[in-house]
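For this chain, numbers begin at 1 and follow the sequence in order. Because the structure is a prediction, the values reported are computed rather than measured.
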Amino acid sequence: MTADDETVWFGAEGPSPFDYIRAVIAIVVVIGFVILALPVQMVARRFKLKAARIIPMTFHRLVLWALGAKVVVRGELTTHRPTLIAANHCSWLDIMVLGSATPLSFVAKSEIAGWPLFGFLSKLQRTIFVDRERRISTAKTANEITGRMAEGDPVVLFAEGTSSDGNRVLKFRAALIGAAEMLARSTGETVWLQPVTIAYKRVNGLPAGRFHRHHVAWTGDMDLVPHAWPLLLKGAVDAEVIYGNPIPFDPAHARKAIAPLLESRVRAMLAASLTGKDEDLPPIVR
């Protein structure tokens, strides 16, 4: 953490002893929950119990509590099935922010599978891993997404294929959205694509402008612990999740046409959220 980072998060005086005490307590609580919940989650997964969906959601909420993060939700997850959620991507926090509201399956980069603790937890949540460096893996990922949607699970796809600085939306990758095309054409049924925007609005109690928002963003080759530590010490990040209107995708559609539409809707919702144009957004539900 640089001197500039410390000023953003803690002010000129730096972290207080209370910040360190709070961080240690939060770590102990989260680790304690994981130790108790892991065997239960393994059994629940094995016998396909309802708890297998509830435990990950509880874990996400606990991590947000540890970070002092608050989430506001606008709009609602569609009740239509099968559903593929196309969301923007800024930080590893995105999974916690989305997963705290409702049980979901995620598509994540393959590196996460090898992370200590988080990788194991991701596997228990049935996360679908994609290797961004190997194009041949895209078809395999699409098949996994198709299978998961066919089972009735809403699947979250970070359609940019990488993370941004939180101030913009990058181009959506049509190849991954091809899972919806595959399912629609193989079954002849409509697949629902729902655009979802994640916006980080406040940092440490202050409005997060273009300069401050990148401190929440997790981009490039940043290591997880150095990025997460200042958040844990005194995170106080306010996030907004916005569910847009779902788009029906039938066998006659093509992914190359639907990807730009999803991208434009996510970008418009992000711009409205960051500029405070609440009248252009769905109402707050949580």
Side-chain angles (χ1 to χ4, degrees), residues 1-16 18-19 22-23 26 60-75 86-101 156 158-160 162-170 195-244 263-286:
M1 183 168 57
T2 66
D4 177 61
D5 292 330
E6 287 194 2
T7 301
V8 169
W9 289 108
F10 310 106
E13 71 280 2
S16 69
F18 175 78
D19 293 325
R22 179 192 173 279
H60 295 321
R61 290 178 178 178
L62 188 61
V63 171
L64 292 178
W65 165 82
L67 295 171
K70 297 181 181 178
V71 180
V72 170
V73 178
R74 290 181 176 274
N88 63 314
H89 188 30
C90 171
S91 172
W92 56 272
L93 263 176
D94 298 341
I95 292 177
M96 313 299 168
V97 168
L98 287 175
S100 66
V156 177
F158 295 117
E160 296 157 297
T162 187
S163 54
S164 72
D165 61 4
N167 294 307
R168 56 182 177 150
V169 174
L170 305 177
V196 173
T197 294
I198 306 167
Y200 292 96
K201 308 266 308 241
R202 301 177 73 85
V203 174
N204 204 12
L206 300 174
R210 296 183 65 86
F211 173 75
H212 295 101
R213 195 169 290 111
H214 83 271
H215 291 276
V216 180
W218 188 48
T219 58
D221 297 323
M222 298 172 65
D223 291 330
L224 177 62
V225 174
H227 183 266
W229 181 239
L231 284 168
L232 184 60
L233 277 176
K234 200 169 185 179
V237 174
D238 291 0
E240 189 167 72
V241 176
I242 307 154
Y243 287 94
E263 178 188 323
S264 65
R265 292 194 179 183
V266 170
R267 179 176 289 112
M269 292 189 295
L270 179 66
S273 177
L274 297 184
T275 55
K277 296 180 180 179
D278 291 355
E279 66 275 8
D280 296 334
L281 298 171
I284 294 175
V285 298
R286 187 175 73 84

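The shortest distance between side-chain heavy atoms of Leu67 and Leu232 falls below 4.5 Å. The side-chain heavy atoms of Tyr200 and Leu93, taken from C-beta on, include a pair separated by under 4.5 Å. Looking at Val196 and Met269, their side chains never come closer than 4.5 Å, going by heavy atoms from C-beta outward. At least one side-chain heavy atom of His60 sits less than 4.5 Å from a side-chain heavy atom of Ile95. In this structure, Thr197 and Ser273 have side chains that are not in contact, with every pair of non-hydrogen atoms separated by 4.5 Å or more.
Rounding to the nearest 0.5 Å gives a distance of 10.5 Å between CG of Leu98 and NE2 of His89. The CZ atom of Arg213 sits 4.5 Å away from atom CG of Leu274, with the distance rounded to the nearest 0.5 Å. Taken to the nearest 0.5 Å, the CZ atom of Arg267 stands 10.0 Å off from the CG atom of Asn88. Taking SG of Cys90 as the start and CG of Leu270 as the end, the distance is 9.0 Å to the nearest 0.5 Å. With values rounded to the nearest 0.5 angstrom, Leu64 atom CG is found 7.5 Å from Met96 atom CE.
Closest approach of Val266 and Ala86 over heavy atoms only: CG2-O, 3.7 Å. When all heavy atoms of Arg22 and Leu233 are compared, the closest pair comes out as NH1-O, 4.3 Å. The two atoms that bring Tyr243 and Pro282 nearest to each other are O-CG, 3.6 Å, heavy atoms only.
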_Apply side chain to side chain contact (heavy atoms under 4.5 Å, CB included) to residues Val169 and Glu160 and explain how you reach the verdict._
CA-CA 8 Å; Val169 174; Glu160 296 157 297; 3.8 Å; yes
_side chain to side chain donor-acceptor pair (under 3.5 Å) assessment of Ser16 paired with Asp19_ = CA-CA 5 Å; Ser16 69; Asp19 293 325; 3.2 Å; yes
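Within 6.0 Å of the NZ atom in Lys201, the count of heavy atoms belonging to other residues, nucleotides or ligands exceeds 12.
At distances below 3.5 Å, not a single donor-acceptor pair connects side-chain atoms of Arg202 with backbone N or O atoms of Asp238.
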